[in-house]
Engineer: 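A single structure is presented below for examination.
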Amino acid sequence: MRRGSIVRITIYGVLAGIFASLVAVLVPWLPTSASEQMDRIEFTFWFTTVICIAVFAVVAAVIVYSILNFRVQLDDSRTGRPSTGTPGSRSSTAIPAILVTAISIVSAVVLAKNDDAGPNPVRIAVTAQQFAWRFEYPGKTKFTSGQLVLPVNETVKLTLRSLDVIHSFWVPEFGQKSDAVPGIETTLVITPNRTGEFPIICTELCGIGHATMRSGVRVVDRRDYESFLAGPANGGQETSGEAVFTSAGCGGCHEFEPAGTDAQVGPNLNTIDPGGQPLEDFVRESIVDPNAKIASGYQPSVMPETFESTLSDKQLDALVQYLVEGQQ
Ligand code: CUA
């Protein structure tokens, strides 16, 4: 090949490489990492991207050069010589094979490391239910909360369960994602390395309130984590009506002004119509036996029937009071 051709192909390749690099760097493809697992995922992402940009630059350069230099005449119907067995055809098979193998090795190492919780992780049980997340913390008293609080720089192993249908637990900044499947227990390993608040999103279409099945995770230092665990009095359970409303996930489906929620899956709780029954009795019945009476315009069996078993008597009383007092 003439020297001039090599220079031109190189220039095309560099231009294509710069263009692809700008697209890769200037577009925020991934959220800012907040966990060791996400850091490894980002490494894999960039490792793959760099290889892709290099391959793209070479291919684009050859294509542009060929288009400009080897134009076919309209009446030229000859076929070219076959190119099997040439150095070009051999390297165009061998080099991609090596690169793809390198990507699979890096991915396999990252997957194995990201699933490794180490010898002594913080264990938190996650329960998914249409349409809320509940978190059960370790310790002498079983403490459950609707809020996920994690200590920074410690490996956490979440065990995921579902009480009804398949949900999927995802914090974009943590990178990893795992389904919560009824009947089995799945796990997810997270080592948060940045303090702050991040969203928890359900990423499996799980019913009419799927879009509202969101919560939040707060990553704090060890001392704040301890005081969060020690905080709730009375046997470690949140017993204010507002806390129960949040932890039971009522706001995922109902509008209720005192709690600042505006979901429209179930009836509006600002103006409950007890239909002749005493208000308090009606509210209690509607929580423990949701299908006893269905508000007009709503379907039966949308609200889970599990609250009778998941709420303590104290929590149920507090929730009923909270709803009754919040009537407009
Ligand atoms: Cu739970 Cu979507």
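Indexing begins at 1, ligand by ligand and atom by atom, following the structure's order.
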Engineer: One thing to verify: whether K113 and D115 come together as a salt bridge, which I'm taking to mean a side-chain N less than 4.0 angstrom from a carboxylate O.
Structural biologist: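 Salt bridge flag = no for K113 with D115.
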Engineer: Does M213 bring an N, O or S atom to under 2.8 Å of atom 1 (Cu) of ligand 1?
Structural biologist: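 True for M213.
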Engineer: Within the structure provided, determine whether F169 and C202 are in side-chain contact (heavy-atom separation under 4.5 Å).
Structural biologist: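 With C-beta onward as the side chain, the pair stays apart.
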Engineer: By atom name, which N, O or S atom belonging to E204 lies closest to atom 2 (Cu) of ligand 1?
Structural biologist: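 This residue's closest N, O or S atom turns out to be O.
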Engineer: Verify the distance criterion only: is there a donor paired with an acceptor across the side chains of S33 and D39 at less than 3.5 Å?
Structural biologist: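 Yes, side-chain donor-acceptor contact under 3.5 Å.
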Engineer: Would you give the angle at atom 2 (Cu) of ligand 1 between C206 atom SG and C202 atom SG, to the nearest 10°?
Structural biologist: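 My answer is 120°, to the nearest 10°.
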Engineer: Within less than 2.8 Å of atom 2 (Cu) of ligand 1, any N, O or S from H210?
Structural biologist: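 It does; at least one qualifying atom falls short of 2.8 Å.
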Engineer: For atom 1 (Cu) of ligand 1, find the closest N/O/S atom on H167 and give its atom name.
Structural biologist: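 Relative to atom 1 (Cu) of ligand 1, the closest nitrogen, oxygen or sulfur of H167 carries the name ND1.
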Engineer: Any salt bridge linking D317 with R284? Criterion: basic side-chain nitrogen under 4.0 Å from a carboxylate oxygen.
Structural biologist: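 Result for this pair is yes, salt bridge flagged.
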Engineer: Less than 4.5 Å apart, any side-chain heavy atom of T127 and any of E136?
Structural biologist: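 When only atoms from C-beta onward are counted, E136 and T127 do not touch, as no gap falls below 4.5 Å.
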